[in-house]
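Here is the structure we will look at.
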Amino acid sequence: PLEWSRRAVAALRAAHPEVPLTMSVSDDISLSALEPVEHLDLVEPHIWLAHPSEPGFYDEIGYDLLGSLHDAREWNILAERAEATYRADEERWRSVLTAKIHAVAEWSRTAGKPVVTTEGWALVNWDDRTGLDWGWIKEVCEVGVDTALATGRWAGLCTSNFCGPQFPGMWGDVEWHRRLTARIRATEGPAIEPRG
């Protein structure tokens with residue numbers, strides 16, 4: 001993937017040399033797994049408590065993310081077990097998330113590249129089925145946002161990957177979004193420098 005990434009960025013940079021470039025990374029987040037990024041202007045990892053490609057939260061609840069694309073029973077597993085599993089050991093799961101964030105911050109320091117995260121913090125999937133609560137998802141997202149901001153390495157970040165109107169339970173909590181957005185705006189991170 002690294003050579004493909006270098007070729008793709010080089011082709012785009014040749015056409016638009018003034019635009020800062022990156023590629024999203026949505027694989028296992030650990031320092032040993034992250035590739036050199038000298039060809040990028042910033043790094044853009046997706047960071048979740050429950051990452052689809054690594055053992056952990058989804059394995060513990062018996063949920064198959066790819067299986068959920070074709071089998072509604074997987075969504076039921078998520079709905080029935082996710083919050084209870086998180087609540088049973090909140091500190092453990094929060095530390096899983098914060099360790100990933102700190103690993104990315106260290107990678108950013110080593111690479112000398114700012115970080116932007118456009119998808120993150122809790123799960124990859126959740127929805128507004130009757131009875132599903134967004135409260136715990138928002139708690140995890142808040143931990144993610146605050147931890148990322150505290151590192152000083154993020155030039156931009158999301159409050160959650162569920163922040164669109166297709167998720168009414170999350171979308172409708174305007175005060176939560178305003179509160180987290182105010183924290184993001186009040187924290188100065190590294191700049192993404194224009195090129196050329």
- Message: Quick check for you: to the nearest 0.5 Å, what is the distance between R87 atom CZ and E139 atom CD?
- Response: 4.0 Å
- Query: Can you hop from W48 to V116 via hydrophobic side chains spaced under 4.5 Å?
  - Reply: no
- Nearest-0.5 Å distance that lies between atom CD1 in I101 and atom OG1 in T117: 8.0 Å
- Message: Pair W107, V37 - check side chain to side chain contact (heavy atoms under 4.5 Å, CB included), show working.
- Response: CA-CA 10 Å; W107 178 44; V37 289; 3.4 Å; yes
- Item | With S24 via side chain to side chain contact (heavy atoms under 4.5 Å, CB included) - residues at least two apart | E44, H46
- When every non-hydrogen atom of T151 is compared with those of A148, the smallest separation belongs to OG1-O, 2.7 Å
- Mind checking the CG-CD1 spacing from N161 to I47? Nearest 0.5 Å is all I need. 11.5 Å
- Heavy-atom closest pair (G135 atom, D133 atom, distance to 0.1 Å) is N-OD1, 3.0 Å
- Task: With the side chain counted from C-beta on, respond yes when L157 and L149 share a heavy-atom pair under 4.5 Å apart, and no when they do not.
- Result: yes
- Task: State the CG-CZ distance between L21 and R13, to the nearest 0.5 angstrom.
- Result: 4.5 Å
- May I ask whether I192 and I184 are part of the same hydrophobic cluster, defined by side-chain heavy atoms of I, L, V, M, F, W, Y residues being less than 4.5 angstrom apart, directly or through others? no
- Non-hydrogen side-chain atoms of V104 and R153 separated by less than 4.5 Å: no
- Message: By the salt bridge (charged side-chain N to carboxylate O under 4.0 Å, His left out) test, which pairs, at least two apart or in different chains, include something from residues 57-69?
- Response: E60-R92
- Task: Taking the side chain as every heavy atom from C-beta outward, state whether E18 and H16 have any atom pair closer than 4.5 Å.
- Result: yes
- With sequence neighbours left out, which residue pairs that include part of residues 59-100 fulfil the ring pair (Phe, Tyr, Trp, His ring centres under 6.0 Å) condition? F57-W93, Y58-Y63, Y86-W136
- Item | Shortest non-hydrogen contact between L49 and V96, atoms and distance | O-CG1, 4.0 Å
- Query: Please, which pairs that meet side-chain hydrogen bond (donor to acceptor under 3.5 Å, both in side chains) have at least one residue in residues 163-177, sequence neighbours excluded?
  - Reply: K138-D173
- Give the cluster check for V43 versus V19: same hydrophobic cluster or not, with ILVMFWY residues linked at side-chain heavy-atom distances below 4.5 Å. yes
- Exam field: side chain T147 to backbone G144, donor-acceptor pair closer than 3.5 Å: no
- So, does R81 use its side chain to make a donor-acceptor pair with the main chain of N76 at under 3.5 Å? no
- Query: Within a strict 4.5 Å, meaning less than it, do heavy atoms of the D41 and E193 side chains meet?
  - Reply: no
- With side chains defined as the heavy atoms from C-beta onward, is the minimum distance between E142 and W121 less than 4.5 Å? no
- Query: When rounded to the nearest 0.5 angstrom, what distance separates NE2 in H102 from CG in L97?
  - Reply: 9.5 Å
- Linking I/L/V/M/F/W/Y whenever any side-chain heavy atoms sit under 4.5 Å apart, do I61 and L132 land together? yes
- Query: Got P114 and L42 here, is their nearest side-chain heavy-atom distance under 4.5 Å?
  - Reply: yes
- Residues, nucleotides or ligands: over 12 heavy atoms within 6.0 Å of R178 CZ: no
- Query: Restricting to pairs with a member in residues 154-164, which pass salt bridge (charged side-chain N to carboxylate O under 4.0 Å, His left out), not counting sequence neighbours?
  - Reply: none
- Message: Give me the atom names and distance for the closest heavy-atom approach of G120 to C141.
- Response: O-SG, 4.2 Å
- How long is the gap from CG on L66 to CD on E74, to the nearest 0.5 Å? 10.0 Å
- Item | salt bridge (Lys or Arg N to Asp or Glu O under 4.0 Å) partners for R7, two or more places apart | none
- So which heavy atom on K113 is nearest to which on L40, and how close? NZ-O, 2.6 Å
- Item | Close side-chain approach of R6 and E38, heavy atoms under 4.5 Å | yes
- Which atom of W126 lies closest to which atom of L78, heavy atoms considered: CZ3-O, 3.7 Å
